[in-house]
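Contents: one structure, followed by commentary.
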Amino acid sequence: VPMDPPRFSLSSENRHSLFLVIKEALNNCLKHAVAKEVRIRVSETTAAVLIVIEDDGCGFDPQEQEHGHSGNGLRNMRARIEHLDGRFLVESRSGQGTKLTISVPVAGAATGDANV
């Protein structure tokens, strides 16, 4: 997390949605990943807040999980972030851990840096 407070504020709806997504991601790490380490990085650009959650767990096939019948966690997280006009990226491979990258635009920010 940056040492200085962010130069922007998020609406309560955005904060709540981000909280729920992060909570679900950490819950998934505890229940499924068998991870020894989980890292959460928070950064900002002039246009977005960027959150990366990465574990060293067992990994999985993201396509199978999102389009299969094994729960709604990833679909719900993606829907919440897309509702905020954000981007939700899942990178994972069996045996190689998982990385979630969440990018949410901030109100009143310049639109040029949103490609995080």
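What you see is a predicted model, and the numbers here were worked out from it, not measured in a lab.
- Judged purely by distance below 3.5 Å, without hydrogens or angles, the side chains of Ser11 and Asn14 pair a donor atom with an acceptor atom.
- Taking CZ from Arg39 and CG from Asp55, the interatomic distance works out to 11.0 Å, rounded to the nearest 0.5 Å.
- No side-chain heavy atom of Glu82 sits under 4.5 Å from any side-chain heavy atom of Phe88.
- The side-chain heavy atoms of Leu50 and Glu44, taken from C-beta on, include no pair separated by under 4.5 Å.
- At least one side-chain heavy atom of Ile22 sits under 4.5 Å from a side-chain heavy atom of Ile53.
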Name the atoms and distances for all side-chain donor-acceptor pairs under 3.5 Å in residues 24-36, with sequence neighbours left out.
none

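- Nearest heavy atoms, Gly59 versus Ser92: CA-OG, 3.3 Å.
- Of all heavy-atom pairs spanning Gly86 and Pro105, the tightest one is CA-CD, 3.8 Å.
- In the hydrophobic clustering of ILVMFWY residues, with side-chain heavy atoms under 4.5 Å counting as a link, Leu89 and Val104 come out apart.
- The shortest side-chain heavy-atom distance between Lys99 and Val52 falls under the 4.5 Å cut-off.
- Val106 is listed as a side-chain neighbour of Leu10, based on a closest heavy-atom distance under 4.5 Å.
- For the pair Thr98 and Phe60, the tightest heavy-atom approach, listed with the atom from each and the gap, is OG1-CE2, 3.4 Å.
- At least one side-chain heavy atom of Ile102 sits less than 4.5 Å from a side-chain heavy atom of Val21.
- Under the 4.5 Å side-chain criterion, counting only non-hydrogen atoms from C-beta, Glu13 is in contact with His83.
- Looking at heavy atoms from C-beta onward, Leu18 lies out of side-chain contact with Arg15 at the 4.5 angstrom threshold.
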Practice prompt. For the pair Glu54 and Arg41, evaluate salt bridge (Lys or Arg N to Asp or Glu O under 4.0 Å) and give the outcome as yes or no after the intermediate values.
Written response: CA-CA 9 Å; Glu54 192 168 11; Arg41 292 187 311 257; 3.4 Å; yes
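- Annotation: the span from Ile81 atom CD1 to Leu20 atom CG amounts to 9.5 Å, rounded to 0.5 Å.
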